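Report on the following structure.
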Amino acid sequence: MSDSTAASKNAADLPPKYVPADVEPAITQAWEQANAYAADASGGGDPFAICIPPPNVTAALHLGHALNNTLQDVLTRHARMAGKNAVWLPGTDHAGIATQSVVDKRLQATGQKALKEYKLDEAEGKGGRDAFIEKVQDWKDEYEARITQQLKDMGCSCDWERQAFTMDEPRAKAVREAFFQLFKDGLIYRGKRLVNWDPVTQTALADDEVEMEDIDGNFYYMKYPVCDASGGKTGDFATVATTRPETMLGDTAVAVNPDDKPRAQYIGQFVKLPIVDRVIPIIGDDYVVIPDEDSDDSKARMASGFLKVTPAHDPNDYDIGQRHDLPIINVMAPDASISITHGWPTEENPEANETLKPFVGLSREDARKVIVRWFKDNDLLAEVKPYRHAVGHSYRSHVPVEPYYSDQWYLKVTDDKLKGAALRAMDESQRQPSEDAAFNSNADTQATGLKFTPERYAKTFQTWHENIRDWCISRQLWWGHRIPVWSKSLQVSQSNAAEVFDEAGFYVIGLDHIFQHGEDWKETAITIVGPEGIVDYKQNGLALPAEPEQFTFFVCTTRDDMGKELEAAGFERDPDVLDTWFSSALWPMSTLGWPEKTPDLDLWNPTSVLCTAREIITLWVSRMVMFNLYFEGRLPFKDVFIHAMIQDGHGQKMSKSLGNGVDPVDIIHSHGSDAMRYTLTSMTTQTQDVRLPVDTIDPHSGITFTPKFITGPGGYKVAAPTQEHPPGSGKQMVSSYGLASGTAEPTEDMPAARNTSEKFDIGQRFATKLWNATRFALGNLADAKPDAVNVSMSVADRWILSRTVRAVEAADKHLAAYDFHNYANGLYQFVWNEVCDWYVEAVKPVIREPEGAKSRQVLAAVLDTSLRLLHPVMPFVTERLWSALSEVCPQRGVEGLDPAENELLVTAEWPTADRALIDRDAEERFGRIQGVVGMIREVRNGAKVSPKESLDFSVKVSDDVAATLREGLALMSAMTNTNIVAVGPDTEKPDNAAVVTAPLGEGYLHVEIDTAAESDRLTKRKEELEKSIKTLDGRLGNEKYTSKAPAHLVQQTRDQRAAAAAELERVEQQLSQL
RNA sequence: GGGCGAUUAGCUCAGCUGGCUAGAGCGCACGCUUCACACGCGUGAGGUCACAGGUUCGAGUCCUGUAUCGCCCACCA
């Protein structure tokens, strides 16, 4: 190793305490210098690849990300050590709407020119769009750098040379190409539909960007006068029930259920819509719920039987409107204020409607109040009932989403080539029985075997695809991939054909090659939309109408120069950008060079595993699967591992939007990176989310305390923005919530406070334990003479080697199953409870002696293996200790456990377990020693004998057993501070002695015992044994048990019964002798 | 409304296809500055496994129901 800081020269270089901050930076540097993470497709080994779920550049990472990335790093480091050609592809996501609105908010908050002003500039042709995007770009640069640093601080072994961003040029190229292909294949279409509109950010949202929240609202019962076709009132009323009175301005029908006897008679009549005086029909549609006061269905209880139909502002009403060919009247502007200029039919002449005028320009909230008031004043409000119901809110601006009728681009994910392929890709073993046609399709099944861990998430994936709807991919934003479509509308007829079309019937705009070579669709695709919809001009040419009709030409191209030509020809580029998830969906391909057929793509796609949280299965996993299958005919990854979510101390999800996130760097600061990684890994079980109570560190004093909590927006518990510690001291600080929510600004007197959590203590302690165990080993190995070969292994040596092999096997098994908890926990127990508590203690008496030669070898090998096994989860401390070990003891390993040496642990070989080292005899014998040692310690403690006081111990066993026990007795005596004074068949129990029993005999600890205490202890034990015997007898006395239960279990029960009876006898004997 | 998951020691969590005298870490009690480690060592106390039924020789583990909590999905009359 070339550096001097990371590598230790000898054991004395290891300070008594492990201080992560003193070690981590140098280790990071050593890895970087060695280029340890770089992957090359031409390198050997089986491919292993992980794509990072690219974090949004909206904000810094929190502990949820730390967990996500730690697990990926564990897998990657393991794969790398195991000799695979491993790559971990890093990157970030532009997160369109989220980033745009975060930046806009920040600009507003700091009094700078914000989105609104830039939009005005853009409208005036002053380039506001590009100027704003630059602002967002600055933000992105800042946070991308910060996120990258966080990942590096965590020790993430990404191949940083491959850092990607969903909006950089290679990814942009992939997006254009993908869009183009889908467009060309007819899977992207433009549709006028109801979308989820966010009136604040003024963009459409995908279904999954809408969050349902329960809202306390009202049911309003409004009376519409019934009339005839010409508007003549009958004096009767139809009372509609609605939660959204303001949309009544756009009503185009009233519906009743034809099976609703009392009301069906109204079908065919009309109502005169109040305020707007529109005469609209009463129609029959079985969607309408029939009122029933006694129903279980709350809707039936609340319903009036008359449903107002507003196709432009309610998805259900839209469907009804389609069924009955109703007009669609949009009554709102994009900001959701009441408007008569966004779709109101001119023949109604709304400008002249005096009654309507007061409502125009009102927000939908105000309009609701005013309209209700109008109905009340005009005696048309029948009733108002409180009603709690779910309302969709923008996940970004948190205002209710407005169903809004507008032009959008859709991706036809319902097509079998997308949806069907995704369903068929599921591993057969994880499919639910299904009626879905996709499973019966004859279509080629390109790839199969997509597997989820835990399995249950396969169901989420399947259900999502079975119910999938077309994906609205356009967003009215600036921050994103601009849609590569240019369009132009023009009036076309036979008379102007010569100006527009050439002889071949193709449209002429100076782009002859596009149209002349109509089948050469490599870079350009055209859709022509005429009055009757999409024109299949490729088959039939364009049938020109006699009278001029409107045709719109949509040209999709991946080439910028062609875009410019199109613009010169009067085409306009679509102003919208693509949904963020469109570029994310290409991630496993675009990070490997797609659309080029690169060696990387060949080797690493499909990637090995996707590691993510469950919330993203529908948004992201689904779309990656569909795209990768569609474009490359294979899966984006073979496995999907869904891990837990990190919750705060109140059981709330840790998230940026809640502001309760904890910066991993804070934890690294308080506990070290390895401690954080270890704790997070060991907390990862298959079922549970992780609850993590968070404390605050007072920056004035460095003292940790539990912050004061307040109830924040949305009813969540959050740390108060400013904290005082101790209360009343006047020493104030800004909490991480205060920072994240922008509700408090740190100052010199009121600095920002870091977070910590005692949950990470376990990792910190473990790192320290490992550190100290290594210090012990190095201290002894350093002095080791060249080993005398003729020393044989002790029972402890054989035992620990056996246990080490089992630890290797367990680690392999658990990692392969994504069982992170047991991987981490198993090694913790191995290192702490077996290596440190027993092996190191057992070896102490001989470790510096000539007869300890073999033990020194074993100790070095066991330590070597432990460091290798732990490296994926605790890379820093293990790497540091590795260099120290290599320095002191460059040659290590025993037969069967001798992986290749390597300068750096990060690229060292993963240990393989030679099962020949598994030694049942040693395990059994050492187990007995452990049992006896335990009993002696128990007696010593019970008798309150100081550990320093050496006690005599005599053993009664047969002579031949005594011979085999010699080694074990020596060990036992050393570990319990006892002198063995007699061993043999004639050993008598002294008067003052505690009896220790073991399978092969018994021992006497010569100690003045407290008769009363000993009597209590024995009596208690006696009762336990009696109870146990009773249970076992009950079992054995049950003929059904002895006949039905497996024989070995019955035998086991008999053995247990016998053992308990034997012990009971001894206990009773001891009691009688007290 | 549909689906998934959780409910085990004071706290945070393990307990795979039923065999447990139910485990771990923290916390707690007692004793130890034992020459790697007090971020330690040793010993111990602490649980009718949410509740009610059922299947079984046997249930923390399987089934049914109830309650509470969480998450995901769902077209806001």
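Quick caveat, the model's predicted, so the values are computed rather than measured. Proteins come first, then strands; the chains are lettered A, B, ... in the order of their sequence lines, and each starts at number 1.
Within 4.0 Å of Val240(A), counting heavy atoms only, lies no atom of the nucleic acid at all. When heavy atoms are screened at a 4.0 angstrom cut-off, Val401(A) is found touching base atoms of the nucleic acid. Among the heavy atoms of the strands, none lies under 4.0 Å from Tyr220(A). Nucleic acid contact for Pro403(A): base, since at least one base atom lies under 4.0 Å from a heavy atom of the residue.
With both pairing distances under 3.5 Å, A36(B) is matched to nothing as a Watson-Crick or G-U wobble pair. A22(B) makes up no base pair with any nucleotide shown, lacking Watson-Crick or G-U wobble contacts both under 3.5 Å.
With respect to the salt-bridge test (charged N to carboxylate O, under 4.0 angstrom), the residues Lys223(A) and Glu383(A) do not qualify. For Arg368(A) and Glu365(A), the salt-bridge test fails: no basic side-chain N is under 4.0 Å from an acidic carboxylate O.
Each of Ser946(A) and Thr460(A) was matched to the nucleotide of RNA chain B holding its nearest heavy atom; the match closer to the 5' end belongs to Ser946(A). Each of Val945(A) and Val391(A) has a nearest nucleotide on RNA chain B; the 5'-most of these lies closest to Val945(A).
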- prompt: What string of B, S and - do you get for nucleotides 39-44 of chain B, 5' to 3', when a contact is any protein heavy atom under 4.0 Å?
  reply: BSSBSS
Letter per nucleotide, 5' to 3', of nucleotides 16-21 of chain B [B base touched, S only sugar-phosphate touched, - untouched; heavy atoms, 4.0 Å]: ---B-S
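Between Phe375(A) and Tyr224(A), the ring planes lie tilted relative to each other; the angle falls in the 30° to 60° range.
Evaluation of the salt bridge (charged side-chain N to carboxylate O under 4.0 Å, His left out) rule for Asp285(A) yields Arg323(A) as partners, not counting sequence neighbours.
Not one side-chain nitrogen or oxygen of Thr243(A) sits closer than 4.0 Å to the OP1 or OP2 atom of C76(B).
The gap from the P atom of C16(B) to that of U7(B) amounts to 11 Å, rounded to the nearest Å.
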